[in-house]
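Starting from 1, each residue takes its place in the sequence as its number. Whatever order the structure lists them in is the order used to number ligands and atoms, beginning at 1. Source: prediction; values computed, not measured.
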Amino acid sequence: MNICVYGAASPSIAPVFIEQGEALGREMVKRSHALVFGGGALGLMGAVARGVREGGGTIIGVVPRFFEHDAAETLFTACDEYIQTDTMRERKHIMEDRADAFVITPGGIGTFEEFLEILTLRQLCRHEKPIAIFNVDGYYDTLLAFLREAIDKGFLKATCLTLFCVTDDVQILLDYLEQTPQAGGSVQDYKEG
Ligand code: AMP
C-alpha cells in the first residue's frame, strides 16, 4: 500500500530519531509499501525517504512550488513521482488522497497539524484509513497525556483514542496498518456534540 509518512523537517534532532526513521523506511520496502511524503530531505522526512530509497522502494513526493524557492536545498528530489502543488492545502489534499494509511513520526507544528487534521477527518468518518503514531523515544507521550486530559474534561470522546495505534516498534506499527480492520461507525461514536 501507499503509506503517507508525516515527520520533522528539522535536522537538529537526536540521532535516535534519524536512525528509527531510516529503519521505518527500510521495513516499509521489505513489506512492499510505497512512501507518500512532503518531499523534505532533512530530519525525519529525509531519514524515512533515504531508508525507502536504500531498499529500492517507491517514493511519491508532494511539494508546493514555493518550497523550491524558499527551501530548495532541503528538498528530496530523487522521487519516483514528484508532484508540485500551488498551495500547502492542495499538497495535503493530494497526500491524503494518495495514501492508504498514515504514519506520524516525531515532528514539530507541521507534523502536529497533519496528525490532528487526519485524526479529525477520521473522527468525522471522512475516511477509514488506519493511522499510527511512531512514538520514538516516547516523543508523543505528552501529546497523548493532553488528549487524555481533553477526554477527562469532556472535550473529546474516549473512543477517539481507538482510532489510531501508538508504538515505538516498527514491526508492530506496520502490522497494525496492514491487518487492523477499520471500524466504520458514525460521527456520534467518536465525537462529542
Ligand atoms: P515540522 O513538523 O514542523 O518540521 O513540519 C514537517 C511536516 O510539514 C512534514 O510532514 C511536511 O509534510 C511539512 N513540511 C514542513 N516543512 C517542510 C519542508 N521544508 N519540506 C517538506 N515538507 C515540509
Which of the atoms in ligand 1, numbered in the order shown and given with their element, are less than 4.0 Å from a heavy-atom of [X]?
X    : answer
G40  : 20 (N), 21 (C)
Y6   : 10 (O)
G107 : 2 (O)
A9   : 4 (O), 6 (C), 16 (N), 17 (C)
G7   : 6 (C), 7 (C), 9 (C), 10 (O)

- Query: Should the proximity of E114 to ligand 1, defined as any heavy atom under 4.0 Å, be assigned to the side chain, the backbone, both, or neither?
  - Reply: side chain
- Task: Just let me know how F67 lines up against ligand 1, side chain, backbone, both or neither, with a heavy-atom cut-off below 4.0 Å.
- Result: side chain
- Query: Above 12 or not: heavy atoms from other molecules or residues under 6.0 Å from CZ of F112?
  - Reply: yes
- If you measure from OH on Y140 to OG1 on T111, what distance do you get to the nearest 0.5 Å? 5.0 Å
Min N/O separation [X] to ligand 1 under 3.5 Å:
X    : answer
R91  : yes
G110 : yes
G108 : yes

So does [X] pair up with [Y], basic N to acidic O under 4.0 Å?
X    : Y   : answer
E113 : K92 : yes
D86  : R65 : yes
E54  : R50 : no
R98  : E81 : yes

- Message: List the residues meeting ring pair (Phe, Tyr, Trp, His ring centres under 6.0 Å) with H127, not counting sequence neighbours, and say none if there are none.
- Response: F102
